[in-house]
Protein chains: 2
Amino acid sequence: MYAAAQPKEQSFQPAEDVARTQISAPHLVATYKAGREIYAEGDLIEKCYQVSTGAVRVYRLLSDGRRQVVSFHLPGEMFGFEAGSNHSFFAEAVTETTLAVFGRRHMQERSRELLALALTGMARAQQHLLVIGRQCAEERIAAFMVDLCERQGGGRQVRLPMLRQDIADYLGLTIETVSRVMTKLKERSVIALRDAKTIDIMKPDALRSLCN
Amino acid sequence: MYAAAQPKEQSFQPAEDVARTQISAPHLVATYKAGREIYAEGDLIEKCYQVSTGAVRVYRLLSDGRRQVVSFHLPGEMFGFEAGSNHSFFAEAVTETTLAVFGRRHMQERSRELLALALTGMARAQQHLLVIGRQCAEERIAAFMVDLCERQGGGRQVRLPMLRQDIADYLGLTIETVSRVMTKLKERSVIALRDAKTIDIMKPDALRSLCN
DNA sequence: CGAGGAATTGATAATCCTCAATAGCCGTGG
DNA sequence: CCACGGCTATTGAGGATTATCAATTCCTCG
């Protein structure tokens, strides 16, 4: 079900909120190269995961290839639990990624903690619905950057581990629109691009006010 | 917190899936007139609810008044549980609605069942993300009708208890677009409108294939 | 240094929104 | 019972945002 599993030492991020809480000892730690599948739509749900290093995208496909990225998961965050017995989504490593893997039994024993995680996941998805359903391209991208910034500790510098196509598929846009909006934000000096995957937030208040 | 609460007899729909499971004896039954608030953003989370008759919309607002309806709840379905201690959403009765109300203590005692409900809620929200993020107006409305149809038992006739504005805010569209798409589906005889709130699905397969 | 993928930029097109007017429905009250 | 008022829904015209297609440019990595 996963490639290159290598039991080894792990180090978790400090717990900051419920979504980052370690729920029980992991069975093992697995490493995935960029782009590798962690699970696929239809796979039996047997495990849940906590990102140790790297980043993960969870997404769904339409028959004609259109893709909706439902969530990204950064170090310390958990994913992999879903309703039913089979996955409805795909999960892939965005970059080289290390995961702590928890077995199904642990999940059943910890339904209480999982409830909080599931509720947090629902809240995230619903917040995301508002962004995609009712905000324009600029607002979506501002919201995305603010969200990533907060999940990375709130500093000025934000790392975008994912490709533009991932961002576009997460926000319901095209890569061209993502690129154009970022250029406009750069021209207004709201942000600066150190390189394509590293942005500096020059005007945090301006960025936040763009989110509405 | 709610208006016009009147303890009285209740009758639940037959349980069809986990989202329709009765989780414990209700504390009371409350009735709301169309448009009445059930809870507001910021309210303490103290209860959860099961629709007995009528329909409920759960939504969120942007500061400028834009609204995203996150979910509708039909008879038999539960809602009201969220992450954290305060509501992030508003809930209102769409039409005259009767609810079974469960107290916080029941929820804590039944975290197992609530986990399933939370996971189902997350799955619904994520499916909804795909619809809004990556499907065109016609696909969104087809998906909406198919979803409603299935939740109403799968017959040919579908009841739309909500206003066009509710549908638009649920699908990330405007009322005009909703109206135009429905007219087009009517012209193609995929559906027929008995009246504005009652549709007959004339070509179920065609409708389903429009969802992709 | 070269090759290939990723990102940006440009020109044009399509979808959906906005604004505006008309039509339909429902309940109230004469 | 019918007429009126108000809200809801539909339809139309024009415009804006975002998508599509195409061409560079930039980066990364071998």
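Chain A is the first sequence line, chain B the second, and so forth, proteins listed ahead of strands; every chain is numbered from 1.
The closest side-chain donor-acceptor pair between A/Tyr59 and A/Glu92 falls under 3.5 angstrom. Side chains of A/Glu41 and A/His87: a donor-acceptor N/O pair is absent below 3.5 angstrom, by distance only. No donor-acceptor contact under 3.5 angstrom links the side chains of A/Arg66 and B/Gln135, judged on distance only.
Between B/Thr177 and C/dC17, a side-chain N or O to OP1/OP2 separation shorter than 4.0 Å is present. For B/Thr174 and C/dT18, the shortest distance from a side-chain N or O to OP1 or OP2 is not below 4.0 Å. An OP1 or OP2 oxygen of C/dT9 is reached within less than 4.0 angstrom by no side-chain nitrogen or oxygen of A/Arg180.
The distance between atom CG of A/Leu160 and atom P of D/dC27, rounded to the nearest whole Å, is 15 Å. Put simply, CE on A/Met182 is 17 Å from P on D/dC26, counting in whole angstrom units. One can place NZ of A/Lys184 at 8 Å from P of D/dT18, the figure rounded to the nearest angstrom. Separating the CG atom of B/Leu173 from the P atom of D/dT18 is a distance of 14 Å, rounded to the nearest angstrom. We find that CD of B/Glu176 is positioned 17 Å from P of D/dG15, with the value rounded to whole Å. Protein atom CD1 of A/Ile175 is 12 Å distant from nucleotide atom C1' of D/dA22, rounded to whole Å. Straight-line distance from the CZ atom of B/Arg66 to the P atom of C/dC17: 13 Å, rounded to whole Å. D/dT18 atom C1' lies 11 Å from atom CD1 of A/Ile141, rounded to whole Å.
Between A/Phe72 and A/Tyr170, the distance separating the two ring centers is shorter than 6.0 angstrom.
In terms of position along DNA chain C, the nucleotide closest to A/Gln165 lies nearer the 5' end than the nucleotide closest to the other residue of the pair B/Gln135 and A/Gln165. For the pair B/Ser179 and A/Ala137, both in contact range of DNA chain D, the more 5′-proximal nearest nucleotide belongs to B/Ser179.
Among the atoms of the strands shown, none is found under 4.0 Å from any heavy atom of A/Ile167.
Between B/Lys197 and B/Asp195, no side-chain nitrogen of the basic residue sits less than 4.0 Å from a carboxylate oxygen of the acidic one, so the salt-bridge criterion is not met.
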